[in-house]
There are 2 protein chains.
Amino acid sequence: MKQESRPSPQLDRDAWIQAAFDSLADHGVDGLRVEVLAKRCGVTKGSFYWHFRNRQDLLSAVLENWKDGRIRDILKQTRAEPGEELSCIRHVIEVYSASRNRKGMLIELAVRDWARRDATAAQIVRKVDSIRLDCAGRLFRACGIAPEEARSRSLLLYAYVFGISLMSVERNDPLMAGQRQTISDLIAGAKVS
Amino acid sequence: MKQESRPSPQLDRDAWIQAAFDSLADHGVDGLRVEVLAKRCGVTKGSFYWHFRNRQDLLSAVLENWKDGRIRDILKQTRAEPGEELSCIRHVIEVYSASRNRKGMLIELAVRDWARRDATAAQIVRKVDSIRLDCAGRLFRACGIAPEEARSRSLLLYAYVFGISLMSVERNDPLMAGQRQTISDLIAGAKVS
DNA sequence: GAATTACCATACGTATGCGTATGGTGCCCA
DNA sequence: TGGGCACCATACGCATACGTATGGTAATTC
């Protein structure tokens with residue numbers, strides 16, 4: 001009988017994948033090395049090659065896992081009650097651009113870096129982006145914004161949240177809080193001044 | 001007498017740095033290896049270690065070179081005649097978000113990826129960001145925008161242009177042209193609809 | 001309780017990459 | 001014209017990392 005509640009002392013495939021996400025966030029794809037990962041897991045690579053055919057096998061699994069998680073997350077975060085679409089948009093902006101959820105953003109950036117040099121990763125990023133833009137666009141249209149502009153604002157929204165993570169600004173600065181609010185207003189389409 | 005017009009058949013320090021930028025754009029910092037670089041230059045690493053103490057020496061030089069180039073570029077691009085500030089802003093947005101200048105953006109992204117794991121790189125990126133925000137803020141204020149909002153719009157501007165480069169959208173799509181225009185309007189503060 | 005299975009360690013060969021040491025070659029200049 | 005210098009090649013030792021082969025162990029199964 002399988003014990004699912006208590007984490008097994010043995011490593012399974014998913015445990016390796018989760019550890020891979022940690023390494024991905026900290027060191028990027030290039031820093032994701034199986035022997036290093038094994039050391040971090042307290043085992044040797046003999047274990048790794050039991051669960052995975054090779055390094056690429058792990059990378060593919062990481063990508064698929066990331067894709068599924070992102071899609072699930074998007075659908076969850078953009079599900080808004082009628083009339084709550086605007087606050088939903090603001091919430092999405094806030095969740096992504098805040099300094100919390102830092103690890104998730106580091107993974108996001110690592111995957112996008114990955115996608116610049118790997119066709120498979122690029123394809124998955126395109127897919128995730130496509131869904132994100134669709135979901136956000138739906139929210140904007142529900143706010144009464146024309147389809148064309150809704151798509152533009154969606155693009156601006158995600159470009160902003162990813163871009164702001166690339167910039168070395170102090171995101172915990174209380175002075176930044178007001179600026180983030182202003183930017184959120186600009187993207188969401190509210191009045192600023 | 002030094003020949004400056006004709007490129008020397010010998011490699012000098014700057015030639016190595018330029019080649020390093022190519023490698024940086026294509027493979028990131030982690031892919032910037034001295035033996036690989038030497039092969040690309042048609043020489044062996046014996047040449048490299050003549051011009052540089054070690055790999056870190058090259059990386060530091062690349063960083064400094066990037067910083068100087070960026071600062072020079074910012075000052076040049078944000079120098080606007082009185083009354084031309086708005087078009088100057090739009091021009092900055094267009095230059096960065098367009099698919100041309102692709103190599104420059106790849107280097108930009110590589111350096112920012114680098115900065116996430118290296119304190120020196122992070123410091124230089126902060127410096128460049130600071131100057132960029134100051135220069136853009138000056139343009140916005142010249143357009144009659146309040147200092148607070150000017151800073152927010154500057155932040156949005158650069159976050160957008162870097163973020164859009166992270167997204168795998170078809171930037172050559174003629175459909176995208178209209179959206180980029182709409183976004184440019186939103187950032188610059190023009191009317192959209 | 002013997003055999004099978006799941007999981008992991010160890011050892012090996014190969015490749016890549018760093019940094020050093022040393023040797024070679026063409027050019028400049030006294 | 002011969003020594004010195006700038007520039008580069010070659011060879012070495014070392015470290016890391018991939019993938020494979022094989023051996024070990026604990027738990028499960030029959």
Side-chain angles (χ1 to χ4, degrees), chain A residues 1-63 110 113-114 117-118 120-121, chain B residues 1-63 110 113-114 117-118 120-121:
Chain A
M1 195 200 297
K2 264 297 197 56
Q3 287 280 20
E4 297 217 359
S5 55
R6 192 185 45 194
S8 167
Q10 311 265 53
L11 290 175
D12 58 349
R13 215 161 190 274
D14 195 65
W16 280 99
I17 295 178
Q18 295 310 315
F21 273 116
D22 290 347
S23 185
L24 188 63
D26 288 345
H27 311 289
V29 225
D30 290 331
L32 185 39
R33 304 278 127 186
V34 344
E35 282 178 315
V36 177
L37 205 61
K39 190 165 290 181
R40 263 179 46 90
C41 290
V43 293
T44 65
K45 62 181 175 176
S47 170
F48 177 86
Y49 287 100
W50 170 260
H51 296 283
F52 298 89
R53 283 182 50 249
N54 48 27
R55 180 172 177 266
Q56 185 55 52
D57 189 19
L58 170 66
L59 294 184
S60 301
V62 165
L63 263 187
D113 196 64
W114 186 356
R117 292 168 197 103
D118 182 273
T120 309
Chain B
M1 194 198 298
K2 263 297 196 54
Q3 288 279 21
E4 297 216 0
S5 54
R6 191 184 47 193
S8 167
Q10 310 265 52
L11 289 175
D12 58 350
R13 217 164 187 273
D14 196 65
W16 280 99
I17 294 177
Q18 295 310 315
F21 273 116
D22 290 347
S23 185
L24 188 64
D26 288 345
H27 310 290
V29 224
D30 290 331
L32 186 38
R33 304 280 126 183
V34 345
E35 283 179 316
V36 176
L37 205 62
K39 189 165 292 181
R40 264 179 46 90
C41 291
V43 294
T44 66
K45 61 181 174 177
S47 170
F48 177 86
Y49 286 100
W50 171 259
H51 296 284
F52 298 90
R53 280 182 52 248
N54 49 27
R55 179 172 177 265
Q56 184 55 51
D57 189 19
L58 170 66
L59 295 184
S60 302
V62 165
L63 263 187
D113 195 65
W114 185 357
R117 293 169 196 104
D118 182 273
T120 308

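A, B, ... follow the sequence lines: proteins, then strands. Residue 1 opens every chain. No hydrogens, no waters, no symmetry mates; every other heavy atom, side chains included, goes into these values.
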Atom [atom1] of [X] and atom [atom2] of [N]: how far apart are they, to the nearest Å?
{"X": "D14(A)", "N": "dC7(C)", "atom1": "CG", "atom2": "P", "answer": "14 Å"}
{"X": "L32(A)", "N": "dA17(D)", "atom1": "CG", "atom2": "P", "answer": "11 Å"}
{"X": "D30(A)", "N": "dC18(D)", "atom1": "CG", "atom2": "C1'", "answer": "15 Å"}
{"X": "L59(B)", "N": "dG19(C)", "atom1": "CG", "atom2": "C1'", "answer": "15 Å"}
{"X": "K39(B)", "N": "dC8(D)", "atom1": "NZ", "atom2": "P", "answer": "17 Å"}
{"X": "E35(B)", "N": "dC8(D)", "atom1": "CD", "atom2": "C1'", "answer": "15 Å"}
{"X": "R40(A)", "N": "dA17(D)", "atom1": "CZ", "atom2": "C1'", "answer": "17 Å"}
{"X": "D57(A)", "N": "dG19(D)", "atom1": "CG", "atom2": "P", "answer": "10 Å"}

Run the numbers on W16(A) and S47(A) for side-chain contact (heavy atoms from CB on, under 4.5 Å), then give the verdict.
-> CA-CA 10 Å; W16(A) 280 99; S47(A) 170; 3.4 Å; yes
Start with the C-alpha distance between K45(B) and K39(B), add both sets of side-chain angles, then the distance that settles side-chain contact (heavy atoms from CB on, under 4.5 Å), and finish with yes or no.
-> CA-CA 8 Å; K45(B) 61 181 174 177; K39(B) 189 165 292 181; over 6 Å; no
V36(A) or R53(A): which one's nearest nucleotide on DNA chain D is closer to the 5' end?
-> V36(A)
Hey, which sits more toward the 5' end of DNA chain D by its nearest nucleotide, G42(B) or Y49(A)?
-> G42(B)
Confirm from the modelled atom types if K45(B) and dG19(C) form a donor-acceptor pair under 3.5 Å, side chain to base only.
-> yes
Whichever of D12(A) and V34(B) has its nearest DNA chain C nucleotide further upstream toward 5' = D12(A)
L59(B) versus D118(B): any side-chain heavy-atom pair under 4.5 Å?
->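 L59(B) vs D118(B): side chains apart.
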Side-chain heavy atoms of W114(A) within contact of V62(A), under 4.5 Å =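 Side-chain contact under 4.5 Å: yes.
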At under 4.0 Å, does any side-chain N or O of [X] touch on OP1 or OP2 of [N]?
{"X": "R55(B)", "N": "dC18(C)", "result": "yes"}
{"X": "H51(B)", "N": "dA6(D)", "result": "no"}
{"X": "W50(B)", "N": "dC8(D)", "result": "no"}

Taking R117(B) for the side chain and D26(A) for the main chain, is one N or O donor matched with an acceptor at less than 3.5 Å?
->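 It does hold such a pair.
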